[in-house]
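In what follows, every chain begins at residue 1, and chains take the letters A, B, ... in the order their sequences are listed.
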2 protein chains.
Amino acid sequence: MPQPSAPRKTLGRPPRISREEVVTTARRIVDAEGVDRLTMRRLATEIGSTPMALYHHVRNKEELLVLLLDDYAARTLHRPELPAQPRERVVVAAAAIHEALAACPWIVEVLTADDLMSTSALWFVEQIVDGLVGCGLTPERAVHGYRTIWYYTAGEIVVRTTAARRRTDDDRPTYRERVFADLDPSEFPRLAQLAAHWAPLTAENTYLDGLRALVEGLLAAG
Amino acid sequence: MPQPSAPRKTLGRPPRISREEVVTTARRIVDAEGVDRLTMRRLATEIGSTPMALYHHVRNKEELLVLLLDDYAARTLHRPELPAQPRERVVVAAAAIHEALAACPWIVEVLTADDLMSTSALWFVEQIVDGLVGCGLTPERAVHGYRTIWYYTAGEIVVRTTAARRRTDDDRPTYRERVFADLDPSEFPRLAQLAAHWAPLTAENTYLDGLRALVEGLLAAG
DNA sequence: GTTACTTTCTTTACATGTATAAAAACTCGC
DNA sequence: GCGAGTTTTTATACATGTAAAGAAAGTAAC
């Protein structure tokens, strides 16, 4: 019995703000002015409270960002039609996650979280693991395969977006450019040969090709 | 002629500290007390200068960390004997980079740099690209292949080390644990089935397996 | 009511990276 | 030697995340 005798109000000082309000307001700020403008003070005044009050609803700023990512995923990560063939299901599910995350580059600092374990992403994880099992992998290998895909996906996004960020707030020659500039062709023939093409080549988006290769390799090994 | 007539001393106020001194001192601090203890103020006093003076030798703290990584790579990333077979050469070269970086987890914030373009890593990049070409890929596909490998490698390290870091400075139940706790087995049968094994499975180090799968897939595609 | 206890909120304070402006220390042309 | 120009160093200041302490606002037992 859910104790109807004791309506038992909550103890302690009643909260004036809620975790949800914190997240919602944070989202508004980020949507309107970008993640750089999201500071704890700004958020607090926007919400009509004090910075430290937020810390009763959110462990720290990083957790707030994780919650924002969750919120974002819940709103935009809709379950697509997946192919029946398990192998293609894996590819399409992974690509869907990648696409959603790539469109939302401010989460880079969060992306490095353990797995992508937002509740809304769970379905995709299930599809990937199940697809791998459907291709003949043992469940254990399927989990490993999922993680390998996740490493690749997270790495691609993190590397690409921080590279892009660096390029915007700084137009001095890249470290890479300097390295390529004084390259000894006799010691590094391939790199010297490719030097001129390196930048355009790395600018290409080859996530999907890499993903297909990775999945193919995972299945061949299993 | 290197103008011997004009010994041409450098203009302006002579520097009291050098970039090299900055990096060396920073390295000493990091080695002795960890990267968390490396602050610009601490570094300045250690060096007998002021915080802002450092900024004439280093663009900002991030660049300092990149330089530290370079320095680290130059000291520890020795060129191993590589197999003659190009495909194994790729695997061994990538694994060598991974091993060196994984042993030095504080560089995570730097790792997200564009490519791994430390001068000392160049040789490995050359080996990987050349190995892929040796397996029959076009130079363009080899570059893409290298980048795919790099995404996977960087992602693995970043995800793993930040997960580990999070675990040390916090022993509350993980987000993941909570997610797995209330998992609907009818909606997510695979994940529910694997829930108990998830943590040990993800704790396993499967970098090399994933790498081999990835290389195999890249070659099959090319 | 009064006291004890609990939770939330506020105040104050600190460490950190770094922007900005000014001072200091030098060379060069005269 | 002197002013102009250049580079490095210093002083000061600010924004940010968040720790620590305690005040505020409620419930429960008496």
Visitor: Kindly write out the residues that satisfy salt bridge (Lys or Arg N to Asp or Glu O under 4.0 Å) with B:R79, not counting sequence neighbours, or none if the list is empty.
Guide: A:E187

Visitor: A:H98: what forms a ring pair (Phe, Tyr, Trp, His ring centres under 6.0 Å) with it, not counting sequence neighbours?
Guide: A:Y207

Visitor: Whole-Å distance between C:dT16 P and B:I29 CD1?
Guide: 11 Å

Visitor: If you look only at pairs with a residue in residues 14-26 of chain B, which of them pass as a side chain to side chain donor-acceptor pair (under 3.5 Å), with sequence neighbours excluded?
Guide: none

Visitor: According to salt bridge (Lys or Arg N to Asp or Glu O under 4.0 Å), who are the partners of A:E62, at least two apart in sequence or on a separate chain?
Guide: B:R166

Visitor: Which atom pair, heavy atoms only, marks the closest approach of A:A93 to A:F124?
Guide: O-CD2, 3.6 Å

Visitor: Which residues pass the side-chain hydrogen bond (donor to acceptor under 3.5 Å, both in side chains) test with B:E99, sequence neighbours left out?
Guide: none

Visitor: Atom CG of A:L64 to atom P of D:dT16: distance rounded to whole Å?
Guide: 15 Å

Visitor: So which protein nitrogen or oxygen atoms get under 3.5 Å of nucleotides 22-26 of chain C's nitrogens or oxygens?
Guide:
residue: C:dA24; atom: O4'; partner: B:R13; partner atom: NH1; Å: 3.4
residue: C:dA24; atom: N3; partner: B:R13; partner atom: NH1; Å: 3.4
residue: C:dA25; atom: N3; partner: B:R13; partner atom: N; Å: 3.4

Visitor: For B:Q193, which residues count as a side-chain hydrogen bond (donor to acceptor under 3.5 Å, both in side chains) partner, sequence neighbours excluded?
Guide: B:R190

Visitor: Could you identify which residues of residues 35-58 of chain B place a heavy atom less than 4.0 Å from some atom of DNA chain D, listed by residue number, or say none?
Guide: B:S49, B:T50, B:M52, B:A53, B:H56, B:H57

Visitor: Show which side-chain atoms of residues 34-43 of chain B pair as donor or acceptor with protein atoms under 3.5 Å away, not counting sequence neighbours.
Guide:
residue: B:T39; atom: OG1; partner: B:R42; partner atom: N; Å: 3.0
residue: B:R42; atom: NE; partner: B:E46; partner atom: OE1; Å: 3.2
residue: B:R42; atom: NH1; partner: B:E33; partner atom: OE1; Å: 3.4
residue: B:R42; atom: NH2; partner: B:E33; partner atom: OE2; Å: 2.8

